[in-house]
Amino acid sequence: LAKTTQPISMDSYEGQEVNITCSHNNIATNDYITWYQQFPSQGPRFIIQGYKTKVTNEVASLFIPADRKSSTLSLPRVSLSDTAVYYCLVGRGQLTFGSGTQLTVLP
Amino acid sequence: DAMVIQNPRYQVTQFGKPVTLSCSQTLNHNVMYWYQQKSSQAPKLLFHYYDKDFNNEADTPDNFQSRRPNTSFCFLDIRSPGLGDAAMYLCATSRDQGASSSYEQYFGPGTRLTVT
């Protein structure tokens, strides 16, 4: 399973766009890139998934360069309620969670 | 609403006393997972069921067992809990969509286990 590297923590202010980058140098050809969000004392929640180029849904965008060795989760106009841990996972089926990024949104 | 349900949300057990955590799903997904998440750490996969086929992670202790009597239910049995087993236990499900797709995992709210 591909290993991922993310920043341990990030701070942002309300209303700003936040970009969290994940490195996954040994991603396999069939692997997907998936991001989850986790609030304290809750299970992780799926945010977005992609294979290549750009994917956008109602909450986020995911940018994947051509070599797929990294990806960037973009959260537009964050609010205080976006404070959470964000995990980048690479693979299919059973997934290995990396250390995640603690995003703190400040007023 | 279709969902993943875990009971109980909080469980206290004594050192060495067997405990069972339960998970049920109304999503009719064929894959079910159990994760262990300790404080300030990422979830760690313990094992998963693909239909009735059990798949154990290599580093999951023998103290942890699982049962899946039917599609909807899955149980985590800890035969002799130690203090180090205190954690949040997360159940998740996914639908295997075949070789051409990946599959989103749906997580339950977790059961927080305390060992005294």
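Below, chain A is the first sequence line, B the second, and so on; all start at residue 1. The figures here come from the full heavy-atom set of this structure, side chains too, leaving out hydrogens, waters and symmetry mates.
Between Phe97(A) and Tyr36(A), the angle of the ring planes lies from 30° to 60°, which puts this pair in the tilted group.
Between Glu57(B) and Phe47(B), the closest side-chain pair of non-hydrogen atoms is not below 4.5 Å. Side-chain contact between Leu90(B) and Trp34(B) is absent, with no heavy atoms from C-beta onward closer than 4.5 Å. A heavy-atom distance below 4.5 Å is found between the side chains of Tyr49(B) and Ser66(B).
Ser70(A) and His24(A) form no side-chain donor-acceptor contact under 3.5 Å, judged by distance and modelled atom types alone. No hydrogens or angles considered: nothing links the side chains of Ser61(A) and Ser74(A) as a donor-acceptor pair under 3.5 Å.
With rounding to the nearest 0.5 angstrom, the CZ atom of Phe75(B) is 9.5 Å from the CE atom of Met32(B).
The number of heavy-atom neighbours closer than 6.0 Å to CG of Asn70(B), taken from other residues, nucleotides and ligands shown, is above 12.
For Tyr51(A), no part lies near chain B; criterion is any non-hydrogen pair under 4.5 Å. When heavy atoms are compared at a cutoff of 4.5 Å, Gln41(B) approaches chain A solely by way of its backbone atoms N, CA, C and O.
Taking non-hydrogen atoms and a 4.5 Å limit, the residue list of residues 38-48 of chain A in contact with chain B, ordered by number, reads Gln38(A), Ser41(A), Gln42(A), Gly43(A), Pro44(A), Phe46(A). Residues of residues 109-116 of chain B lying within less than 4.5 angstrom of chain A, judged on heavy atoms, are Pro109(B), Arg112(B) in numerical order.
Taken together, the cysteine pair Cys74(B) and Cys23(B) keeps its SG atoms at least 2.5 Å away from each other.
Salt-bridge formation is not detected for the pair Arg68(A)/Asp31(A): no Lys NZ or Arg NE/NH1/NH2 atom is positioned less than 4.0 Å from an Asp or Glu carboxylate oxygen.
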